[in-house]
K.L.:
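Dropping a structure here in structure tokens format, bear with me for questions.
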Amino acid sequence: MKRKSFILVLYFGCFLTLTGCWSQKELTDLAIISAMGIDLTENGEYASTLQIINPSNVAGGLQGGGAGQGPPVSIYTATGSSIIEMNQRASKKLPRRRYYAHTNVLVIGEELARKEGITGILDAIERHQEFRMTAVIIIAHGVKASDLLKVLTPVDKIPANKIIKNLRFTEEQWGEVFTLNLQDVKKDMTAVGKSPVISGFSIEGDPVQGSKMENVQTSDPETTLSATGLAIFKEGKLVDWIDGKTARGTVLILDKIKNTGISFDWKDKKDVGTFQVIRMNSKNIATMKKGKPKITVEVKAEGYLSEIRTAVNLTDPKILIEMEDTIEKTIKEEILLAVEEGKKVKSDIFGFGQVFHQNHPKEWQKLKAEWHDVHFPELTVDVNVEVYIRRTGLRNNPSVLKQ
Amino acid sequence: MEKAKIGAYQFFVLLLLFELGSAVLVPIAIGANRDAWIAILISTVGGVLLFFVYYRLYKFYPQLTPTEYMEKLLGKFFGKILAFAYILFFVYISARVLRDFGEMLLSFAYVDTPLFIVNTLFILVIIYALQKGIEVIARTGELFFNLLYLLAVIGFILIISSGLIDLNQLKPYLEQGWTTVFNVVVTETLYVPFGEAFVLSVILPYIKDTKKIKYAGIAGIVLSGINLSLVMAINISVLGIDLATRSQFPLLTTVQSIQIAEFLERLDVFFMVSMVIGIFFKASIYFYAAVSGTTILFKFKEPSKLVYPIGLVILFMSITIANSYSEHLKEGLDLTTRFLHPFFLVLAPVFLLAIAYVKNRKRKKK
């Protein structure tokens, strides 16, 4: 009997200790940070912007009755001389405990990226147990990170989610920008033969107006966020922005494009056709010729014709082969445009150096030291493109072709 | 010596769990940079050779534990001294493994919890298991072996299907040449984890089917070597050499990078579970070796009673051993793998084997 009661007491003792509430954090006490922005202030300190989810407003919105209740996110800012310090200082304003495990977006202000670079500030984030290295990193193009995070967005209520989805679907369907997480950036930054390129986001419209609820209560929001261009980095610092075809060429070399429409000229008529890519991959091959490095970019693209606005007989396979050649040239031009841009700022954003390191380690030892400044700008880049038009959609000939 | 019977399969499982133990969690052989996986594979060959040394020793005295045959081989006085040194070594390494466990948990999950609490809870579990005897540990091993491999296979599939593996990261091969690789093999990976198989000679006398020991041992070492090499290759190809080198626990970082279909992510628990399983067996077996040695050396009748005091020693040692994790690691590299492991895991066994050869040849001549 005594033994039994002893065991009983032990059992209850276990209940007290086994609940695991050593550092318990109640859900209602957490400030879930969806995005974090870092800027440089005028006196050289860091300014952080924390975008915090208002759980009740997000849930209300989903059921349709939540409009007018308040914004789905709130912004808190703080300044400090180090990343950790300023974020902890933000707790003076925050009624809850900061929680980083759901921080999916890190926004770096352009000024910070240009003046100080991103190498140093990533350390604190990398070291942190809560912060995830799978968070997406973007650069605020032409604006402050704090302004970017303030803008409220329709459809996807939480701006951080909008940014991620925006990037992902642009990458899948168009290709001027691509998703890059912190781990990828770290990998690129530490590889000698590669510099990172990071997608940029900018504000269209008035930032102040964008932070108000009215912004999401109209069908045509006054202020929107849009992915604009790629930021080229050199030695950890932002040096240039690329956009449009140059940007797509870059993403193409990096083999990140899944789907895209390539407009091409046909018989002196500009951009009359569109080639819809279904599968595309590129490969960089490094060779050494007489001690000189050479890169061959090999691209294979497969797809169908999705638009043609000129009289051309698409039922003739020979014409399609001719068309393939034209598209190949267009893609090649785009790639060379990107390579020229990279050479101009002397930053190997394509990872050509890395390919040399991996395949010609001995020669790389000589090239390594001055790769970005001397050898990369002088590098011969050959582009081989193979395009296959597999079909022409649901119609054969365009109606403009009179038979 | 307690009365216990262990099957050859159980021995294989224990060996495998013991070898994987903490080695799969920390960056082993990272001194060889991108060629870490090559270094591990080479060490596996060395590990098999070392296992033959231990196995031959066992063959000379199939009924005796190392503590006993040390006395026979070196004489009463020196044999006892060496056996006692081994006990200290086992206790020390057990404490180190426990410290590894605590530091890992504290670094990434239980940041606010004191090390003492975490280590105490874990040593209590180990004490409980050891008190039940080696048979229970072996059976637990069978159970957890399946779980560990299930996790490993799922994790492997997830990593591959998330498209994270970039085999180009492993290139260029042998950038620093074979010398670096062999240097790492000889100073590091040969002992941890492969040489550590010596600790399992403590349980060799319990094994029923003596004929299968050889095959179980070789299979265990080879399989664990392949596993470790594969894990390191995956770590480097996912993280790149820089991140893999700078990560305290590369496997954790690798597992954390898995992102599939928006919801299969943050699978830290994979790492956590394999860590608890691996470290449990590694610490327990070292601990058991210490207990078994003490029982025989000091002629205790009930080994299970010894578990508590030695457990306390291990617990306190694990905390006082170093001030910081960095110091703990530094101590591991500078003291343990440089002096203790080569002596206890290679030199001493080889020396004992040599004596055993000479003695037995004399006997045969007579």
K.L.:
Check whether B:Q248 gets within reach of chain A through its side chain, its backbone, both or neither, counting any heavy atom under 4.5 Å.
P.N.:
neither
K.L.:
Which heavy atom of B:S257 sits nearest a heavy atom of A:Q183, and at what distance?
P.N.:
OG-NE2, 3.2 Å
K.L.:
Can you confirm whether more than 12 heavy atoms, excluding those of A:F169, are under 6.0 Å from its CZ atom?
P.N.:
yes
K.L.:
Against chain B, work out which of A:H357, A:M133, A:K186, A:H360 has the most heavy-atom pairs shorter than 4.5 Å and name it.
P.N.:
A:H357
K.L.:
Look at atom CZ of A:F131 and say whether more than 12 heavy atoms of other residues, nucleotides or ligands are closer to it than 6.0 Å.
P.N.:
yes
K.L.:
Under a 4.5 Å heavy-atom cutoff, which of A:R168, A:Q365, A:Q354 has the most pairs with chain B?
P.N.:
A:R168
K.L.:
Are more than 12 heavy atoms from other residues, nucleotides or ligands located less than 6.0 Å from atom CZ of A:R89?
P.N.:
yes
K.L.:
Measure the CG-CG distance between A:D188 and B:D242 for me, rounded to the nearest 0.5 Å.
P.N.:
11.5 Å
K.L.:
Please report the closest heavy-atom contact between B:V238 and A:K187, naming both atoms and the distance.
P.N.:
O-NZ, 2.8 Å
K.L.:
Measure distances from A:D184 to the heavy atoms of chain B and classify the residue's part below 4.5 Å as side chain, backbone, both or neither.
P.N.:
neither
K.L.:
Please check: side-chain N/O of A:Q358 versus main-chain N/O of B:N168, any donor-acceptor pairing under 3.5 Å?
P.N.:
yes
K.L.:
Drop me the distance from B:Q256's CD to A:T134's OG1, to the nearest 0.5 angstrom.
P.N.:
8.0 Å
K.L.:
B:D268 and A:R132: salt bridge (charged side-chain N to carboxylate O under 4.0 Å, His left out), yes or no, with the steps?
P.N.:
CA-CA 11 Å; B:D268 302 19; A:R132 298 288 164 156; 3.2 Å; yes
K.L.:
Given a strict heavy-atom distance threshold of 4.5 Å, which part of B:I258 is in contact with chain A: side chain, backbone, both, or neither?
P.N.:
neither
K.L.:
Calculate, to the nearest 0.5 Å, the distance between atoms OG1 and CD belonging to A:T179 and B:Q259 respectively.
P.N.:
9.5 Å
K.L.:
With rounding to the nearest 0.5 Å, note down the distance linking OG in B:S247 to CD in A:E126.
P.N.:
7.5 Å
K.L.:
Any sub-3.5 Å donor-acceptor pair from A:K362's side-chain atoms to B:E175's backbone N or O?
P.N.:
no
